[in-house]
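A quick write-up on the structure given underneath.
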Amino acid sequence: MPELPEVETVVRSLASKLVGHTILRVEIYTNRVVRGSRNAIIRNVAGRRIEAVERRGKFILLQLDRGVLAIHLGMTGKLLMDTAAGPHTRARLFLDDGELIYDDTRMFGKFEWGAALPAHIEKLGPEPLQISAAEFAARLHSRRGMVKPLLLNQNFLRGMGNIYVDESLFRARTHPRARAERISRKRALALHQAIVEVLTLAIEHRGSSVSDYVDTDGRKGSFQLLHQVYGKEGLPCPRCGTPIRKTVLAQRGTHYCPHCQRL
DNA sequence: ATCTATTCCTGGCTGC
DNA sequence: TGCAGCCAGGAATAGA
C-alpha cells in the first residue's frame, strides 16, 4: 500500500526521469481511475511539458506548463517507466522519450486534471515531515476522538496510512484508542518524533513492500523488514516480549503491544 | 464534531 | 484439485 514513504520514493524517481519532458498523448482505459473528467485529462495533458514532479501527502503532482495532473495510487497503483502494458494497465502516458504505464489491479487509484491544484488536495492537513513538534501537539490537542483515526485523517495530517500509523504509535508507546485531547504534551511531542523517525527511516529504505508495492523501476522497498508491529500479530513485542495484538479500529487492522501501549 | 458502517475492487489465502 | 468465502484498506459517502 503506497503511503507517504512509498509515494516519496516514486516521486523522486519520476522527477529525475520526467522533468523537462513533454507528454505527447494520454490513454486511459477505465473511467474508474478518473476523478472528474477523463476527456479533460486527455485534452489538457497532451502536448504539455512537465515542469516539476511533487508529492503532497499521498498525491503525486505532475506540474505542467499549463495545469496539474494529480495521481493517487490508491491501494495497488503502480507507475512504471518503459515496461510492457499488462492486464491491469489502466492508463499510459506517451512521452517524448519514453512511456509511463499506470497499472492498478484494484482500481482504487485516481487521475485528476486541474487548471490549478484541486481544492480537496489544497485543503489537506500539513506534511508530517514539515510540521514542528509544537504545532503538531497543538493540532492534536485541538481535536477530540481517538488518535489512530485522527492520524489516518488526511485533513488532519497528510500522508500517513495504516502501516505508518501503527508503527509510529508503537514507537511513541501510545495506544491507538487514546483520546487525542487527553494525550500529555510530553507524549504528543514523542509521537511527533516517532512519526518523523518512522517516515524518515522508511524513505531511506524506499518504502515498505507488503503486498505488491514497487517503485517506477519495479523495485521493492525494504522497510517491511523493520516493521515492529504491523503484520506481527502474535509475535513477541521487540521491546517487552508480550505478544502483539491485532484488533479492528476505524475499520482498519490495528496492531499494537498491549503492555507497552496502555490506555 | 465525531463516530460508524458501507461501498468500491481483486488476488491471495483459508478451510472444507 | 477445486471452490466458496473471507480478508486486505484509501477515501468518499451516508447516516446517527
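Here is the naming used below: chain letters follow the sequence lines, and residue numbers restart at 1 for every chain.
- Each of A:R106 and A:H120 was assigned the nucleotide of DNA chain C with the nearest heavy atom; the assignment lying further toward the 5' end belongs to A:R106.
- A:R90 places a side-chain N or O within donor-acceptor distance of the main-chain N or O of A:T105, the cut-off being under 3.5 Å.
- Within 4.0 Å of A:F59, counting heavy atoms only, lies no atom of the nucleic acid at all.
- Remark: A:H88 is not in phosphate contact with B:dC9, judged by side-chain N or O atoms under 4.0 Å from OP1 or OP2.
- The interatomic distance linking A:M107 (CE) with C:dA11 (C1') rounds to 16 Å, in whole Å.
- For residues 191-212 of chain A, every residue pair satisfying the ring pair (Phe, Tyr, Trp, His ring centres under 6.0 Å) rule, not counting sequence neighbours, is listed here: A:F136-A:H192.
- In this model, the phosphate group of C:dG10 is not approached by any side-chain N or O of A:Q154 to a distance below 4.0 Å at OP1 or OP2.
- Taking atom CD1 on A:I163 and atom P on C:dG10, their separation rounds to 8 Å, with Å as the unit.
- Nucleic acid contact for A:G253: sugar-phosphate only, since backbone atoms but no base atoms lie under 4.0 Å from a heavy atom of the residue.
- Atom OH in A:Y29 sits about 21 Å away from atom C1' in B:dC9, given to the nearest Å.
- In this view, A:R179 and A:E181 satisfy the salt bridge (charged side-chain N to carboxylate O under 4.0 Å, His left out) rule, not counting sequence neighbours.
- A:M75 comes within 4.0 angstrom of a base, heavy atoms only.
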Checklist line | Per-nucleotide protein contact string for nucleotides 1-8 of chain B (B base, S sugar-phosphate only, - none; heavy atom under 4.0 Å) | finding: -SSSBB-B
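- As a whole-Å value, the separation of A:F156 CZ from C:dA11 C1' is 18 Å.
- With rounding to the nearest 0.5 angstrom, the OG atom of A:S209 is 12.5 Å from the CZ atom of A:F223.
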Would you tabulate the side-chain donor-acceptor contacts of residues 39-49 of chain A under 3.5 Å, counting partners in other chains and residues two or more places apart, or write 'none'?
from: A:N44; atom 1: ND2; to: A:A40; atom 2: O; distance (Å): 2.8
from: A:R48; atom 1: NE; to: A:D65; atom 2: OD1; distance (Å): 2.5
from: A:R49; atom 1: NH1; to: A:E51; atom 2: OE2; distance (Å): 2.9

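- Note: CG (A:L151) to P (C:dA11) measures 14 Å, nearest angstrom.
- Taking atom CD of A:E112 as the reference point, atom P of C:dG10 lies 19 Å away to the nearest angstrom.
- Note: CG (A:L124) to C1' (C:dA11) measures 11 Å, nearest angstrom.
- Rounded to whole angstrom, the span from the CG atom of A:N155 across to the C1' atom of C:dA12 amounts to 11 Å.
- The phosphate of C:dA11 (OP1 or OP2) has a side-chain N or O of A:H72 nearer than 4.0 angstrom.
- Using a 4.0 Å heavy-atom cutoff across all strands shown, A:K246 reaches sugar-phosphate atoms only and no base atom.
- With sequence neighbours left out, A:E99 forms a salt bridge (charged side-chain N to carboxylate O under 4.0 Å, His left out) with A:R92.
- Considering only side-chain N and O atoms, A:K58 lies under 4.0 angstrom from the phosphate OP1 or OP2 of C:dA11.
- A cation-pi arrangement is found for A:R239 relative to A:F170, the charged atom lying closer than 6.0 Å to the ring centre and inside a 45° cone about the ring normal.
- Considering only the side chain of A:R35, C:dA12 comes nearest among C:dA8, C:dG10, C:dA12.
- Residue pairs meeting the salt bridge (charged side-chain N to carboxylate O under 4.0 Å, His left out) criterion with at least one partner in residues 69-88 of chain A, sequence neighbours excluded, are A:K78-A:D212.
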